[in-house]
Number of protein chains: 2
Amino acid sequence: MKKETRKEEIIRVAAQLFKQKGYSAVTMRDLAKAMDMQAASLYNHINSKQAILQDIILEIAEAFTEGMNVVISESNSSVEKLNALIALHVRIAINNPEGLAALNTDWMHLEEKLDYYLQLRNDYENNFRAIIVEGIKNDELKPVDVEVILFSMLSTLRSLYLWIPKKDAIKRQQLLEDLTTVLIQGINK
Amino acid sequence: MKKETRKEEIIRVAAQLFKQKGYSAVTMRDLAKAMDMQAASLYNHINSKQAILQDIILEIAEAFTEGMNVVISESNSSVEKLNALIALHVRIAINNPEGLAALNTDWMHLEEKLDYYLQLRNDYENNFRAIIVEGIKNDELKPVDVEVILFSMLSTLRSLYLWIPKKDAIKRQQLLEDLTTVLIQGINK
DNA sequence: GTCTATAGGACGATAGAC
DNA sequence: GTCTATCGTCCTATAGAC
């Protein structure tokens, strides 16, 4: 494990604050206070507040894109692909819940990089949708409206960052199994 | 239908802006521009920016509390209660998607009313959890971890405001039926 | 790499004329 | 009920000393 640079530390602490209050409500003075330094000193490590947001969001968005490509190329059945996507979301949510919070709630405050982010998100959703369509076509999934399935799964998976931090390590292992059951098999007996 | 007062109009337009950029990023000058008036003039109708947020969020939070009380007193089986809760969320999301956005993403910017809001939300979640526990106990639901079921259902239902506006009226009627299938029966064939 | 000082502008909100 | 003018504060970011 490489030692964390000062810049990485600032970005990590910023993500924590963004999760609590949102990007717009966090000031550089707030961030400086949490880092135990003066606001002006932050600018020796980062270029702007906006650049911090870009770092946080784009790193995760690109991890999802990469993960999706692996799932598409390596998994076989549609249900297998959906299982792999659930695992992808759980893994990223455990690794970086604060960054995911920023991605989910503050993406609209991206400036130059907004279009790039929206393109990544759109591609991801289209790939997710195609897997569901395929699953219905080959009779693996119930013939429910594709958009409703997509919406329900993505809503749950995108909210994981809110719940993961409340679970201890043991329960997190169980989470993946239970979540797969609920999302794929339903809760009705 | 009563005619909309100027105050109600301001609050409605504010909710639209809050949904787009979040409470902190919307300025009174933004709101004034959307209302086609000067920022100072807003203060003849509302007391403060904070008071607008309170109006939007607490009205919806209280509607959920009232809806939950009706569900608990009127429905019989656990699955029936869950069906009624899904319908409650769909109804409120259709009526006021902008207000729901503020409730979901800007509740932490409530000041004096924050504790009251958190109490309502906590009571609501406890009632929801009790219904799931009851359903597992009387063998209506699969014995999956209660928190995972609660998390999955609430995540989907709380995100409805993002998807409802994208659907036309016909598809909205279908939404309730499909959503119930997905959330209760699962998607696996 | 951190500090003090501050530029230059935007913020929420009020005063008072009409 | 809306306007113009403005107050006092806070914002992001830079300059320059150490």
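We name chains A, B, ... by the order of the sequence lines, and we start the count at 1 in each one.
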With a 4.5 Å heavy-atom cut-off, do [X] and [Y] have their side chains touching?
| X | Y | value |
| --- | --- | --- |
| B:V144 | A:I187 | no |
| A:I56 | A:E98 | no |
| B:V79 | A:N188 | yes |

Looking at the base of C:dG12, is there any donor atom on it, or on the side chain of B:R29, that sits under 3.5 Å from an acceptor on the other one?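 Per atom types, the contact qualifies.
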
Counting side-chain heavy atoms from C-beta on, which of [options] comes nearest to [X]?
| X | options | result |
| --- | --- | --- |
| B:T27 | C:dC11, D:dC3, C:dA13 | C:dC11 |
| A:A40 | D:dC3, C:dC3, D:dT12 | C:dC3 |
| B:M28 | C:dC3, D:dT12, C:dG12 | C:dG12 |
| B:S48 | D:dG1, D:dT12, C:dA13 | C:dA13 |

Look at A:S41 and C:dC3 and indicate whether a side-chain polar atom (N or O) is within less than 4.0 Å of OP1 or OP2.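 So the side chain of A:S41 is within the cut-off, an N or O lying under 4.0 Å from OP1 or OP2 of C:dC3.
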
Rounding to an integer number of Å, can you tell me how far [X] [atom1] sits from [N] [atom2]?
| X | N | atom1 | atom2 | value |
| --- | --- | --- | --- | --- |
| A:M35 | C:dC3 | CE | P | 11 Å |
| B:Q50 | C:dC11 | CD | P | 18 Å |
| A:K21 | D:dC10 | NZ | C1' | 12 Å |
| A:I46 | D:dA13 | CD1 | P | 7 Å |
| A:L31 | D:dC11 | CG | P | 12 Å |
| A:Y43 | C:dT6 | OH | C1' | 14 Å |
| A:Q38 | C:dG1 | CD | P | 17 Å |
| A:K49 | D:dC11 | NZ | P | 9 Å |

Counting only heavy atoms and a strict 4.0 angstrom limit, can you tell me which residues of residues 105-115 of chain B come near DNA chain D?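 Contacting residues: none.
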
Should B:E140 and A:K189 be marked as a salt bridge (Lys or Arg N to Asp or Glu O under 4.0 Å) after you check the CA-CA gap, both sets of side-chain angles, and the distance that decides it? CA-CA 6 Å; B:E140 285 184 72; A:K189 205 162 183 176; over 6 Å; no

Indicate yes or no: does B:E147 engage B:R129 in a salt bridge with an N to O separation below 4.0 Å.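 Salt bridge: yes.
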
Who passes salt bridge (charged side-chain N to carboxylate O under 4.0 Å, His left out) against B:R6, sequence neighbours left out?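 Salt bridge (charged side-chain N to carboxylate O under 4.0 Å, His left out) check on B:R6 returns B:E9.
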
Pairs in or reaching into residues 167-176 of chain B: which pass side-chain hydrogen bond (donor to acceptor under 3.5 Å, both in side chains), with residues at least two apart or in two chains?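 Counting only pairs at least two positions apart or across chains, the side-chain hydrogen bond (donor to acceptor under 3.5 Å, both in side chains) contacts touching residues 167-176 of chain B are B:Q174-B:D178.
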
